[in-house]
Structures are given as C-alpha cells and as structure tokens.
Amino acid sequence: MSKKEFIRGLNEDLAAEWGTIIRYTYQASKSFGLLGAELREIFEREIQDELGHAAFLTDVIVDLGGEPTTIPKDFEKPDDLKAMLELDLEMELKDVENYKKRAKHAEELGEVELKVKLEDMAADESGHARDLRRLLKGL
Ligand SMILES: [Fe+2]
Ligand SMILES: [Fe+2]
C-alpha cells in the first residue's frame, strides 16, 4: 500500500461523505408526516457527523500532500420511505467496511493517529447503521 493509493482511498471516502451529506439533506426534505418529522431530526443530527468526517478527511488529504475531492458520490433516489432507509443502511454499512479497511492501511503506513481516528469514524457509521435499523424495525 503506497501513500498515493492511501490518498486515493481517502478521497473515495470523502466523495462518499459529500454524497451522504447531500443524500440526507435531500431525504430529510422528502420525509413527510409524523415519521418524517422524526426522520428529519435524525438526518440533521447525522449530517453534522458526516460534515465532521468530511472536514477531517479534507484536512488529512491536504496534510498528506493530496488534492481533496469536492465531487460527491452519486446516489439513488427511491420514493418509498422503506427503500430509502434500506439504501441508507446499506451505504452506512459500506462506510463502516471502508473505514475499517482504511484504518488498516493507516496502520501499515505507520500513521497511528489516523488509524485511531478512522476506527472512530467506522464506529460513528456503525452507530448510524444502528439508528437506521431501529427505524426500519418500526416500519
Ligand atoms: Fe461519515
Ligand atoms: Fe454515517
């Protein structure tokens, strides 16, 4: 694993974060009724987490000498609420796996602080996945 490949991976994570921020903002706006009100609250809270992740990744990529992406990863836009939450759950679980993988690469490169922070981010995404599972159970 070269530093260049590591930066490329971090940029994929960053594009995913920008995509999630836009997806949750979009979905919050498309959520109606009582459940929609609850969803909006959860999305707004999680957007703050994802913004923190994106800001951190941007700093790290610059620090490593890379160019941080500002292009979000594209996402699907299901109309149905359940399909929407299932998509979010799938994406959060993907993020968990990617951050775990990235933390391993950071360790290989001797980036101790980064390894711990990336594991923390995997834990955050795992928490988001749990929130979504709980919501889905109630549907
Ligand atoms: Fe995130
Ligand atoms: Fe997340």
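Keep in mind that the numbers below use all heavy atoms, side chains included, and drop hydrogens, waters and symmetry copies. In each ligand, atom 1 is the first atom listed, and ligand 1 is the first ligand listed. In what follows, residues are counted from 1 in the order of the sequence shown. Here the structure is a predicted model, which means the values were calculated and not measured.
Because the distance cut-off is set at 2.8 Å, Asp49 fails to qualify as a neighbour of the Fe ion (ligand 2), as none of its N, O or S atoms comes that close. At a cut-off of 2.8 Å, Glu17 coordinates the Fe ion (ligand 1) through an N, O or S atom. Residue His128 does not count as close to the Fe ion (ligand 1), with no N, O or S atom under 2.8 Å.
Asn98 and Glu12 are not linked by any side-chain donor-acceptor pair at a separation below 3.5 angstrom, with hydrogens and angles left out of the test.
Note: Tyr99 and His53 have perpendicular aromatic rings, judged against thresholds of 30 and 60 degrees for the angle between ring planes.
In the displayed structure, Arg45 atom CZ is contacted under 6.0 Å by more than 12 heavy atoms of other residues, nucleotides or ligands.
Its N, O or S atom nearest to the Fe ion (ligand 1) is what matters here, and for His53 that atom is ND1.
For the pair OE1 of Glu50 and OE2 of Glu125, the angle whose vertex sits at the Fe ion (ligand 1) is 120° to 10 degrees.
Salt-bridge annotation for Glu113 and Lys117: present, with a side-chain N of the basic residue lying under 4.0 Å from a carboxylate O of the acidic one.
Trp18 contributes no side-chain N or O that, together with a main-chain N or O of Asp13, makes up a donor-acceptor pair within less than 3.5 Å.
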